[in-house]
Each structure stands twice: as C-alpha cells, then as structure tokens.
Number of protein chains: 2
Amino acid sequence: MFELRDLPSREALEKLRERYENLDVTAVDAFLRLLRTGEDAAASMERHMAAHGLSLRRFSVLILLARNPDGLSPSQLAAGTGVSCATMTGVLDTLERDGCVVREHAATDRRAVTVRPAPEGMARLDAVLPGHYDRVATVMAALSPQERETLTALLGKVSQGLSRLS
Amino acid sequence: MFELRDLPSREALEKLRERYENLDVTAVDAFLRLLRTGEDAAASMERHMAAHGLSLRRFSVLILLARNPDGLSPSQLAAGTGVSCATMTGVLDTLERDGCVVREHAATDRRAVTVRPAPEGMARLDAVLPGHYDRVATVMAALSPQERETLTALLGKVSQGLSRLS
DNA sequence: TCCATATATTTCGGCTCCTAAATATATCCT
DNA sequence: AGGATATATTTAGGAGCCGAAATATATGGA
C-alpha cells in the first residue's frame with residue numbers, strides 16, 4: 001500500500017507505465033507532490049484558523065472585507081475566494097450568525113446584497129493573522145529567498161499549464 | 001478587491017507588513033501561490049473524475065485497492081488517502097452503492113471489515129486513468145524535466161517545513 | 001405599458017469533511 | 001471466568017462544496 005498519502009516511488013510509476021504508456025513519470029511525480037503539499041498546507045492553515053473560530057474560507061472572506069470596508073456583494077466574494085455563489089450563501093450564513101459580517105439590501109438594486117465587515121470579524125482577523133504569518137515564516141524557513149522565488153515561478157508555470165486544460 | 005483568487009501583489013504585501021511586522025513577504029507570496037495552485041490542480045482533477053462518476057477521494061481508494069486486490073480495511077484506506085475513519089465510512093458507502101467495492105466482515109477479527117475491489121470499480125479506474133495521465137502531461141508540459149525535478153524537490157522542502165509546525 | 005430576458009441570491013439534494021460519541025468485538029490481567 | 005481497557009467501525013451533528021432550480025428584481029424593446 002503506497003499511493004497518494006505515501007507518494008509512489010519512481011519504480012512504481014515506471015511499472016505503471018507498462019500499462020499506461022502515456023504516463024509521464026516526472027510529470028506525475030511532480031503533480032502528485034503538488035497535490036499532496038497543497039493539501040497539507042491547506043490543512044495546516046485550517047487547523048490554525050479553527051483555533052480562532054474561523055475556517056480558511058471564512059478567513060478569506062474577512063480578508064477581502066478588511067480591504068473593502070464599504071462592503072462587497074456575495075457574488076464578488078464568491079469570485080474573490082473561488083467558490084460558487086451557492087456556497088458563499090452558506091459561508092455568509094455562518095459569518096453573519098457569529099456576528100462577523102452584516103448583510104444589507106443594496107440601495108440601488110434590490111436584488112443585490114451588500115456584505116459589510118462587523119467588529120467581531122475584524123477582531124478575529126487581528127487575532128489570527130500574527131500567528132498565521134509566524135507559521136508561514138516557519139514553514140518557508142526551509143527555503144532560501146532564491147528558492148522561494150524559484151518555487152513561486154515554477155508554480156506559476158503549473159498554473160499556466162492548468163489553464164490550458166479547459 | 002485582489003486577495004487570494006487574484007493573488008496580492010508584492011506592493012500590497014509590503015504595505016500589510018507595516019501592520020504585521022512578522023510578515024515575511026517572499027514566504028507569504030510563495031505560500032499563497034502554493035495554496036492557489038494546489039487548489040486549482042485538485043479542482044481540475046476533480047472535474048475529470050466527475051465525468052467518469054468518481055471523485056478524487058473515491059479514485060484514490062480505487063487506486064489503493066487496485067494494488068491490493070485482497071482488500072484493505074477502512075482504517076488502512078483512511079490512513080492511505082488522508083481522511084478520518086468516519087469520512088471513509090461515507091466514501092465507502094457511496095462506492096459500495098455504485099458497485100465499485102464490496103465490504104466483508106473479516107474472518108479473524110469480527111470488528112474489522114475488509115474492503116475489496118469490484119469489477120465496476122476497476123472498470124471506472126481504467127476509464128479514467130488514460131485521460132488523467134494525458135491531462136497531467138499537458139499541465140506539466142510547461143516545465144522542462146529539470147524544472148520538474150526542481151519543483152518536486154522544493155515542494156519536498158515545504159513538506160518538511162510543514163511537519164515542523166505540529 | 002408589458003413581456004421577455006438577464007442578473008443576484010437563495011434553496012435543494014447529494015457528497016465530503018471533521019470531532020465526539022456510540023457500538024461491537026478483542027485482549028489482557030487478576 | 002470476568003471486568004477494564006483497547007481497537008475497528010459507524011452514527012450524529014455541523015460546516016462546506018457543487019449544479020440545478022427557484023425567487024426576486026432589473027432592463028430593454030414592442
């Protein structure tokens with residue numbers, strides 16, 4: 001048993017290639033490592049957020065609202081954090097229940113809603129951010145400044161590659 | 001509005017540092033790029049899997065079972081794919097309902113369950129894998145073999161950094 | 001004006017994810 | 001043997017995720 005959580009070895013991938021000849025070993029290796037590391041990074045952030053009554057998604061919403069104190073619409077927040085409008089409804093329900101945001105009907109367009117930050121939301125952000133930046137610094141301490149630049153650039157190329165799929 | 005989905009610019013991060021002096025700009029930049037790319041890669045895979053009646057998690061379970069035709073326990077599958085046992089129960093419910101796996105009580109230990117692959121599960125794997133490997137190759141075509149090695153190595157360092165957090 | 005079409009948000013049903021608690025079975029110690 | 005403890009899995013309850021359908025409101029043209 002060795003796939004995914006324990007990433008497959010090069011030899012295992014070579015063997016799989018006998019069955020699936022279009023399998024590109026170095027490509028799959030890097031891709032699985034990316035999936036795994038991204039998942040672990042997100043899980044680690046999620047744990048820190050949970051200690052302060054937030055989730056990664058609610059945190060992202062509050063970050064956006066901190067920069068836009070006049071409020072944003074649910075659809076802007078959905079686009080800004082990468083989820084569907086239907087999902088954002090549920091996230092905002094939780095944030096509103098906890099007193100982190102306020103929903104108001106927009107003055108001009110009665111279909112639209114304006115979501116504004118509430119003091120509790122900004123307080124949670126202030127409570128969670130210093131520790132968050134500490135943790136990021138700790139994780140990235142394993143890489144030199146030059147290596148961080150390289151990593152950022154290579155991930156950018158992967159993002160470009162992903163956009164070619166659609 | 002620019003955070004997270006549109007990653008913040010270097011200037012925006014410099015500005016944030018006035019407020020949070022422990023913010024390490026190159027670290028946060030690389031970390032956010034990692035979160036974003038990992039999420040996009042997973043979402044892209046998820047879409048491909050969905051076209052064949054699978055999810056990323058159910059796919060991972062089937063991959064593990066393909067290499068272990070004699071079956072694995074729910075807890076082994078949970079550990080192998082990185083979720084809790086409680087979550088694995090639900091994943092297996094779906095897979096069993098769809099005829100992709102079979103659950104049997106273990107002969108020796110009546111608490112334990114053995115999950116075995118069923119023909120439908122292996123058929124779905126065969127249907128999904130060639131296209132999957134094609135997609136991975138397409139995404140990674142943006143990187144040279146040398147760059148892929150570098151990316152894998154750098155992500156490995158990030159994983160090490162993550163393990164220092166706990 | 002009034003209807004068709006477009007837009008903003010929510011609701012609904014299904015899957016996934018978690019922790020904590022419940023259930024069933026093993027095992028170890030006296 | 002019998003009871004405490006440990007292990008394997010499931011259940012319960014809450015959050016988040018989606019696409020599709022429902023609801024409410026705007027807007028543009030006949």
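Letters go in sequence order (proteins before strands), and every chain restarts at 1. Keep in mind that this is a model prediction, so the values were computed, not measured.
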Stepwise salt bridge (charged side-chain N to carboxylate O under 4.0 Å, His left out) check, A/Glu46 with A/Arg58: CA-CA 10 Å; A/Glu46 201 79 62; A/Arg58 300 201 293 271; over 6 Å; no
Salt bridge check: are A/Arg57 and B/Glu39 linked by an N-O gap of less than 4.0 Å? yes
Assess whether a salt bridge exists between B/Arg19 and B/Glu14, defined as any Lys/Arg side-chain N lying under 4.0 Å from an Asp/Glu carboxylate O. no
Within the structure shown, what part of the strands sits under 4.0 Å from [X] by heavy-atom distance: base, sugar-phosphate, or nothing?
X       : result
A/Arg47 : nothing
A/Thr89 : base
A/Thr87 : base
B/Ser75 : sugar-phosphate

[X] [atom1] to [N] [atom2]: how many Å, rounded?
X       : N      : atom1 : atom2 : answer
A/Arg57 : C/dC18 : CZ    : C1'   : 16 Å
B/Met88 : C/dC18 : CE    : C1'   : 14 Å
B/Glu46 : C/dC17 : CD    : C1'   : 12 Å
A/Met49 : C/dT19 : CE    : C1'   : 20 Å

Distance from B/Met88 atom CE to B/Ser75 atom OG, nearest 0.5 Å?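 Nearest 0.5 Å value for the CE-OG distance: 10.0 Å.
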Using 0.5 Å steps for rounding, measure from the OG1 atom of B/Thr152 to the CZ atom of A/Arg33. 7.5 Å
At a heavy-atom distance below 4.0 Å, which nucleotide of DNA chain D is the first touched by chain B, and which is the last? D/dA6 to D/dT11
What residue pairs, at least two apart or across chains, pass side chain to side chain donor-acceptor pair (under 3.5 Å) with a residue in residues 104-113 of chain A? A/Glu104-A/Arg116, A/Asp109-A/Arg111
ring-ring contact (aromatic ring centres under 6.0 Å, His included) for A/His132 and B/Tyr20? Distances and angles first, verdict last. CA-CA 10 Å; A/His132 169 60; B/Tyr20 300 101; 9.9 Å; no
Any residue in residues 104-122 of chain A with a heavy atom nearer than 4.0 angstrom to DNA chain C? Just list them by number, or reply none. A/Arg111, A/Ala112, A/Val113
Does the salt bridge (charged side-chain N to carboxylate O under 4.0 Å, His left out) test come out yes or no for A/Glu21 and A/Arg17, once each step is laid out? CA-CA 5 Å; A/Glu21 69 229 5; A/Arg17 211 167 89 87; over 6 Å; no
Go through the side-chain N and O atoms of A/Arg135 and A/Ser44 and say whether any donor and acceptor fall under 3.5 Å apart.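 A/Arg135 vs A/Ser44: donor-acceptor pair found between side chains.
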